[in-house]
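Numbering of residues begins at 1 and proceeds along the displayed sequence. Hydrogens, waters and symmetry mates play no part in the numbers below; they use all other heavy atoms, side chains included.
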Amino acid sequence: MKIVTWNINGIRTFGGGIKKALDSLGADIICVQETKVTRDLLDERTAIVDGYNSYFSFSRGRSGYSGVATYCKDSATPSAAEEGLTGLLTNHEGAVGSYGDQTEFCSEELRLLDNEGRAVITQHRIMCSEKEQTVTVINVYCPRADPEKPERKQFKLQFYKLLQSRAEAILKDGSHVIVLGDVNTSHRQIDNCDPSDNDEFEENPGRKWLNAFLHSGGEEGEMREEEPNEESAVTSSETIRGGKFVDTFRSFHPTRTSAFTCWCTLTGARQTNYGTRIDYVFADCLLAKEQFVAADIMPEVEGSDHCPVWGHLSCSLLPSSKPPPLCTRFLPEFAGRQQKLSRFLVKVDRKSTPSEQRDELPGSQEEEERRENLNPPGAGNVSGKKRSLTSDSVAPKGKKTKTVKTSSNPKGSLLSFFKPKLTNAVPSNEAPLKHCEKKLAEVTSSQNSRKASPVTSSAPEDTELVSDASLQLRTSSTTEESHKQMATKPSTPHPTAGHPEAKKGAPSVFWKSVFHGPPPPPTCKIHGEPCVLRTVKKEGPNVGKQFFVCARPQGHASNPEARCNFFTWVEKGK
């Protein structure tokens, strides 16, 4: 039996075909996190894969956010499946059960903890030493503690407590348990590319929870294939802890360094392996000791900012004859059953503001994802203003009104400022001047057409056009000066098609004079290479400001191939 967990950072990671991606992992049970798909966006191609049965958990508050899914081969069909950790989302037979003591959580807390689509539980029958047993797989995507939102730190710790309570309750009721997924906390210093001070690192609440959740010492040493060396101090100073679960990767590789599963893609940190290990396969101590034969990470698999993690067990799976009701193939939209109209209607609270919506379900992902999923502030007010303006400007029936655009509030494209204005009726004393402008436009257009022609422009044609325009100029004494300027224009030599200026064209010269483009990048002091331009996207006093940094990928300070600490702001007006 082989099991895999992978934070895929969006179900669209499987661009080459989801079946091909699942088959390439070569596992019986594949647990993915951060699918970023809600039920209304789940298509049949993703939900129903030939040779697999799938189980999804969706975010109920935001679209394109969170979500987990478990794909099981038909030969590993579970006997029970359930969405969430609390049991509140289970309204069907075939649930896993064993909810444990939830008295320390209020009902609203339990609802919110399961509202973001962060857990799917499947229960399987296995054959171990000719004895049939059960193993329960808890696929989780634990919340991220946003440093700017203190309430999310508490939410993360509450999720940890609920996860531990549920896992231990299932274990107590006689089933083996595997907890796997993105836990969003690196356990030890060896699991982090750049750990902070020892005391501060160990004082992290997430690490304290992992220390209590995981068993350390004793039976675990019997599983290790690598002997600890004198340089490693991973477990030497630690006391034996009585947690009920084991980190299977560390059981087989207790001293391996730089074994990371997550990297920052924005800084190119994967190139220098500057990351953290936050994706795990945890198993109860007895199962880890008796059945696990190998566990490892797969950093060579790309397509996400995380890599897959796998575990190999010696036991064999006994498939259920029929998938449990939670299986996606039984959803009405995929089962061919008649659906109700209410299925397509969503209740919207128009009184709630965007800020209230954010407070109700705060985000735990990156800043860019939060912006994508939030409506623009005041979007509804804009449409209301447009309607009121339209109703006020309606003219009475039978009367025609002339709309006059004033220069106080110009609108339209930038090119409209450089186009000649056309009017149907002009005063008589301005007619000759307008006619002159029209002739002048014809002169310009004829010159431009000759620029595009390979033949050199001829002087007689230009003279004829100008003399025709000058006849109109003589009708008004106020335009004599303009006529003199036009008369001298033919004397200026026109560039030929082969001339560099002709190739470049007047428009490009004009726009280059208006827009100067980005400033030239400086060179970093250490590598002497051109820097890259970045923009601050994090909310705060510097949001929107631009700066230059070294173009190399992020890495440890001791790595000469990594980014140096060069930094400079882009000065205003440049």
Check your understanding: Between F56 and Y71, how do the two ring planes meet: parallel, tilted or perpendicular, split at 30° and 60°?
Key -> perpendicular
Review point. Do the ring planes of F282 and Y280 sit parallel (below 30°), tilted (30 to 60°) or perpendicular (above 60°)?
Key: parallel
With side chains defined as the heavy atoms from C-beta onward, is the minimum distance between [X] and [Y] less than 4.5 Å?
| X | Y | answer |
| --- | --- | --- |
| E83 | T90 | no |
| D247 | R277 | yes |
| K2 | I29 | no |
| V32 | V68 | no |
| N53 | P78 | yes |
| L171 | D173 | no |
| H527 | C564 | yes |
| L41 | S63 | yes |

Check your understanding: Just by distance, do the side chain of D284 and the backbone of V177 share a donor-acceptor pair under 3.5 Å?
Key -> yes
Check your understanding: Does Q554 reach the main-chain N or O of A269 with its side chain, forming a donor-acceptor pair under 3.5 Å?
Key -> no
Review point. Going through the checks in order, is the side chain to side chain contact (heavy atoms under 4.5 Å, CB included) test met by F58 and T35?
Key: CA-CA 9 Å; F58 311 102; T35 59; 5.9 Å; no
Exercise for review: Walk me through it: do Y99 and L162 pass the test side chain to side chain contact (heavy atoms under 4.5 Å, CB included)?
Suggested key: CA-CA 9 Å; Y99 300 103; L162 180 62; over 6 Å; no
Donor on one side chain, acceptor on other, [X] and [Y], under 3.5 Å:
| X | Y | value |
| --- | --- | --- |
| S54 | R329 | no |
| D279 | T261 | yes |
| S320 | S79 | no |
| N9 | K36 | yes |
| Q102 | T86 | no |
| D296 | W310 | no |
| D182 | Q33 | no |
| D74 | T77 | no |
| Y160 | N184 | no |

Point to revise | Option among V179, I3, T70 that satisfies the side-chain contact (heavy atoms from CB on, under 4.5 Å) test with N139 | key: T70
Exercise for review: With H187 as reference, evaluate I278, T276, N211, N192 under the side-chain contact (heavy atoms from CB on, under 4.5 Å) test and give the passing residue.
Suggested key: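 Result: among I278, T276, N211, N192, N211 is the only option passing the side-chain contact (heavy atoms from CB on, under 4.5 Å) with H187.
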Nearest-0.5 Å distance that lies between atom [atom1] in [X] and atom [atom2] in [Y]:
| X | Y | atom1 | atom2 | answer |
| --- | --- | --- | --- | --- |
| I126 | D28 | CD1 | CG | 12.0 Å |
| T134 | R125 | OG1 | CZ | 10.0 Å |
| T248 | L287 | OG1 | CG | 10.0 Å |
| C524 | R552 | SG | CZ | 7.5 Å |
| H124 | S175 | NE2 | OG | 9.5 Å |
| L331 | L42 | CG | CG | 7.5 Å |

**Study point:** Check: Y274 ring centre within less than 6.0 Å of F260 ring centre
**Key:**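 Y274 vs F260: aromatic centres not under 6.0 Å.
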Check your understanding: Are F567 and F547 an aromatic pair by the rule of ring centers under 6.0 Å?
Key -> yes
Exercise for review: Walk me through it: do I121 and V137 pass the test side chain to side chain contact (heavy atoms under 4.5 Å, CB included)?
Suggested key: CA-CA 6 Å; I121 306 176; V137 178; over 6 Å; no
Exercise for review: Count the heavy atoms belonging to other residues, nucleotides or ligands that lie under 6.0 Å from NZ of K19, then report whether that count exceeds 12.
Suggested key: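 Counting other residues, nucleotides and ligands, NZ of K19 exceeds 12 neighbours.
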Check your understanding: Less than 4.0 Å between a side-chain N and a carboxylate O, is that true for E300 and R270?
Key ->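 A salt bridge is absent here (no side-chain N lies under 4.0 Å from a carboxylate O).
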Practice item. Using the ring of W209 (Phe, Tyr or Trp, six-membered ring only), decide whether K161 places NZ or CZ under 6.0 Å from its centre and within 45 degrees of its axis. Key: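 Judged by the rule, K161 and W209 form no cation-pi pair.
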Check your understanding: With a cut-off of under 6.0 Å to the ring centre and 45° to the axis, is R534 in cation-pi contact with F548?
Key -> no
